[in-house]
Structure formats: C-alpha cells, structure tokens
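All values derive from a computational prediction rather than experimental measurement. Any value given below was found using the heavy atoms of this structure, including those in side chains, with hydrogens, waters and symmetry copies removed.
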Amino acid sequence: MLFHSSIRKELSRSFGATLIVLTTVVMTMTLIRTLGLASRGNFNPADVMLVMGYTVLGFLPNIMAMSLFLSMVSTLARMYRDSEMVIWFNSGLGLAVFLRPLLRFAWPVLLTVAALSLLILPWANLQIEDMRARYEGRGDLERVEPGQFQESAGGSRVFFVEKNLLDQKVASNVFISTTEDGKETITSARTGRVEIINEDRFLILGNGQRLESSLTKKDMKLLEFKQYGVRVGDTPLGSGSELPLNTRSTLDLVRQPTAQNLGELSWRLGFVMAAGVLSVLALASTRVNPRIGRIGNLIFSLFLFQVYLNLLNLGQIWIAGGKIDFLPFMLLLHGGVLFTGALWLLIRHQGWPNFTRSGKSKSANSHSKA
C-alpha cells in the first residue's frame with residue numbers, strides 16, 4: 001500500500017540519519033572521557049579504542065530508542081508542514097491509522113533494543129570492568145614508565161626511572177619511595193635490573209643510597225650500598241572483589257530478585273518499554289505550530305525523552321532502595337505514559353475539541369437566527 005510504504009521509507013531515512021548523528025556525538029564524547037580515564041591510570045592507553053567501543057555499545061539502547069522517537073517526530077512534523085497530513089485526512093484516514101505503519105517500522109528496532117539492553121549491555125560492561133581490573137592489578141614493575149613517577153599497586157611505593165630497557169630488564173637512575181610500618185624510606189641508585197630468586201621477582205639496585213626515617217620519631221638513617229635487592233611482588237587488586245551490578249547478566253538478575261537486582265532490571269527493561277511507548281506518544285504529540293517553527297517539535301521531543309529517562313533513573317534508585325516495588329513502578333511509569341499517549345491520540349483522532357467548537361458555533365448560529 002502506498003500509504004504504508006511511503007511512511008516507512010521516510011522513517012528509515014530519518015532513523016538512519018538520526019542514528020548516525022547521535023552515535024557520532026556519543027563516540028566523540030566517549031573518546032574524550034576514555035582518554036581522560038587512561039591518562040589517570042584507570043585503563044591501559046593501548047586499550048582506549050576497545051574501551052570506547054564497549055562504552056558506545058552500552059549506550060546503543062539509549063541511542064536507538066531516542067533515534068526512533070526523534071525520527072517519528074521529524075517525519076510526522078514534515079508531513080504536517082508540507083500539508084501531506086491534510087491530504088491523508090481528506091482521503092478518509094484518521095490520525096490513529098498512522099499507528100499501524102509506525103509500529104510495523106518500530107518492531108525490528110524494539111527487538112534490537114531488547115537484545116542490546118538485556119544481553120549486550122551487561123557483557124560490554126563486564127569487558128570494560130575486566131580490562132580495568134587487569135590494568136589496575138598489574139605488577140609494580142609493569143606500572144613503571146620512564147620519566148614518570150608511578151605509584152605501586154598497593155599504594156605504598158612510588159617508582160621513578162630515567163631510562164628503561166624492557167627487553168633487558170635494566171633501568172638507570174632509579175628512585176623508590178616507600179611508606180610502611182611507620183617508616184618512610186627513600187632509595188636511589190644509578191642502575192637497576194630484575195632478577196628471579198626462588199620464584200620471586202627482585203629489583204637489584206646498584207651504586208646507590210638508602211635514607212630511612214621514622215614517621216613518629218625524629219630518627220634518620222643513611223646507608224650507602226653497592227648492591228641492594230627490593231622484592232617486587234605481583235599481587236593483583238580486586239581479585240576477590242564483587243563485580244558491579246551492571247555487569248551481571250539479566251538471567252542472574254531474574255534468578256536473584258533482590259532490591260538492587262530488580263532496580264537494575266527495571267533500568268534495562270525500561271529502554272525497551274520506553275521505545276514502544278514513545279512511538280505512540282510521538283504520533284499523539286506531534287503537530288506543527290507556525291508560531292514556534294520547525295524547531296518546536298524537536299525541543300519538545302528532546303525534553304519529553306529526557307524526562308522519561310530521568311524517571312527511569314529515579315525508579316531504579318527507588319526500587320534498589322526499597323521505596324517502591326518493581327511491578328507497581330513499571331505499571332505506573334510505562335503504563336501511565338502509554339495510557340496518556342493513547343488517550344491523547346484518541347482525542348486527536350476523534351477531533352473532540354473541534355466537536356466542541358462546532359457545537360458552540362451551531363448553538364450560536366441558532367441563537368442568531370432566533
């Protein structure tokens with residue numbers, strides 16, 4: 001049918017363009033944020049592109065839901081502006097008839113959003129957390145970069161080397177500051193090399209001095225040495241720590257319906273439901289006001305989507321905090337917005353305000369004739 005095919009073609013073009021623009025913006029912002037995290041030592045600089053890719057993948061449910069909503073609003077607004085809607089209305093089609101082609105276009109997007117939100121999102125967050133843990137849990141020597149002061153994994157040591165030959169495990173002008181057991185020790189040496197002794201790694205320093213002072217007493221010792229060994233262990237951080245909530249699979253959240261798990265589940269399911277509900281709301285709310293111009297619908301749509309997203313965030317916090325149960329919140333938010341959109345659409349489809357105006361005009365005409 002010409003009516004359905006024309007609408008779906010324009011929706012496809014609008015959705016593709018909106019998705020590309022929003023994804024590009026998110027990728028740019030994510031790249032800047034990831035570079036900042038890498039510069040602070042949260043990620044390996046070599047993994048910046050991977051982290052950015054996984055982060056953008058986690059944002060895709062939000063991006064696709066927003067792209068679907070904006071594409072519908074822009075397409076319907078264009079049809080109103082170019083008087084195409086008037087032609088369809090005069091041909092005997094009501095506003096509610098547009099709901100069928102919109103939903104036929106939207107259902108593949110909704111399935112994609114569901115797969116991304118319920119399956120891909122926790123997997124992407126798990127990959128990011130795994131890369132973060134592996135980089136933070138690397139050994140003390142792997143943290144050392146030539147020409148930079150670098151803190152050890154446990155935070156008790158600070159290393160500095162002027163030059164470092166990684167292949168030969170040799171460094172020059174080594175500086176180590178250690179704070180432990182109520183003592184502060186500063187060790188400097190001209191050379192340093194890594195040796196394995198009894199399956200433990202040692203940093204063997206040569207031609208240096210060691211300054212040891214007490215943090216509680218005014219006591220200081222200065223020792224000079226030709227060779228001195230410092231044990232450098234590889235104790236990973238967070239090896240037994242609990243994984244963040246956003247890395248758990250959706251199946252685990254369902255199997256363990258605690259308040260925190262249900263809060264996370266409401267957030268993931270919220271993207272899917274929001275994308276479907278906003279499809280109805282886009283049809284009900286879109287119209288063209290010549291006084292506002294073309295940008296009016298876009299601003300209103302962005303505001304509406306942001307309010308919906310903030311309510312999802314608020315609901316996740318409330319459910320996790322035990323202030324509201326999972327099912328009542330889902331019914332109140334998504335069911336309430338769906339009911340509002342359906343009622344709004346019904347009012348516009350029936351043209352009840354016009355009926356009221358026509359009724360008033362008829363009564364006025366009858367009085368004038370009398």
Side-chain angles (χ1 to χ4, degrees), residues 15-70 112-113 115-138 142-145 147-153 155 236-238 241-250 260 263-272 274-275 298-299 301-317 320:
F15 176 76
T18 306
L19 182 62
I20 291 174
V21 171
L22 291 179
T23 304
T24 304
V25 172
V26 172
M27 287 181 64
T28 303
M29 297 175 60
T30 304
L31 178 60
I32 297 173
R33 178 175 174 270
T34 307
L35 288 174
L37 292 174
S39 65
R40 291 194 294 268
N42 293 340
F43 293 105
N44 189 348
D47 295 335
V48 168
M49 298 305 295
L50 276 176
V51 175
M52 185 194 72
Y54 287 131
T55 305
V56 173
L57 199 60
F59 279 121
L60 272 183
N62 192 351
I63 296 173
M64 293 193 68
M66 188 175 184
S67 299
L68 179 64
F69 181 54
L70 293 181
T112 306
V113 172
L116 288 171
S117 180
L118 301 178
L119 302 177
I120 306 300
L121 177 61
W123 175 80
N125 291 332
L126 182 62
Q127 301 304 312
I128 295 174
E129 190 63 28
D130 182 61
M131 285 189 291
R132 185 201 303 270
R134 281 192 283 109
Y135 188 66
E136 290 182 350
R138 68 198 188 281
E142 284 77 6
R143 291 172 174 263
V144 177
E145 295 290 340
Q148 296 181 7
F149 287 92
Q150 187 65 49
E151 193 176 29
S152 65
L237 285 179
S241 59
E242 187 178 0
L243 290 175
L245 192 62
N246 60 358
T247 62
R248 298 182 184 178
S249 66
T250 304
Q260 291 78 12
E264 179 66 20
L265 185 61
S266 70
W267 166 256
R268 298 180 188 178
L269 289 175
F271 286 118
V272 186
L298 181 60
I299 294 177
S301 302
L302 291 175
F303 173 76
L304 192 62
F305 185 86
Q306 189 61 40
V307 170
Y308 208 144
L309 186 64
N310 289 338
L311 290 176
L312 285 178
N313 290 328
L314 192 61
Q316 180 185 12
I317 297 174

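Closest heavy-atom contact between F271 and L312: N-CD1, 4.4 Å. Contact record, L309 with W267: CD1-CH2, 3.9 Å, taken as the closest heavy-atom pair. Counting all heavy atoms, side chain and backbone alike, L22 lies closest to S67 at CD1-OG, 3.3 Å. Closest approach of L116 to P61, counting heavy atoms only: CB-CG, 3.7 Å. The two residues L68 and A275 make their nearest non-hydrogen contact at CD2-O, 4.0 Å. The two residues R248 and R268 come nearest to each other via the heavy atoms O-NH2, 2.7 Å.
Between Y54 and W123, the two ring planes are perpendicular [angle over 60°; tilted spans 30° to 60°].
When side chains are defined from C-beta on, I120 does not count as touching L60, because their heavy atoms never get closer than 4.5 Å. For the pair T30/V51, no side-chain contact is recorded, criterion being any heavy-atom separation below 4.5 Å from C-beta on. The shortest distance between side-chain heavy atoms of T250 and L119 does not fall below 4.5 Å.
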- Output, in order, the C-alpha distance, side-chain angles, deciding distance and verdict of side chain to side chain contact (heavy atoms under 4.5 Å, CB included) for D47 and T34. CA-CA 10 Å; D47 295 335; T34 307; over 6 Å; no
- Task: Could you give me the CA-CA distance, side-chain angles and deciding distance for T55 and F59, then say whether side chain to side chain contact (heavy atoms under 4.5 Å, CB included) is met?
- Result: CA-CA 6 Å; T55 305; F59 279 121; 3.6 Å; yes
- Task: Assess whether side chain to side chain contact (heavy atoms under 4.5 Å, CB included) is satisfied between L302 and M66, documenting all intermediate values.
- Result: CA-CA 8 Å; L302 291 175; M66 188 175 184; 3.0 Å; yes
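The main-chain N or O of L70 is never found under 3.5 Å from a side-chain atom of S301 such that the two would form a donor-acceptor pair. The backbone N or O of I20 lies less than 3.5 Å from no partner atom in the side chain of T23, so there is not a single donor-acceptor pair. Side-chain N or O atoms of D130 include none that pairs as donor or acceptor with a backbone N or O of L126 at under 3.5 Å. Formation of a donor-acceptor pair under 3.5 Å by the S117 side chain with backbone atoms of V113 is not found in this model.
Distance check, rounded to the nearest 0.5 Å: CD of Q127 to CG of N125 gives 10.0 Å. For the atom pair CD of E264 and CG of L245, the computed distance is 4.5 Å after rounding to the nearest 0.5 Å. How far CE of M29 is from CE of M52: 13.5 Å, rounded to the nearest 0.5 Å. Rounding to the nearest 0.5 Å gives a distance of 10.0 Å between CG of L311 and CD of Q306. Taken to the nearest 0.5 Å, the CD1 atom of I32 stands 6.5 Å off from the OG1 atom of T28.
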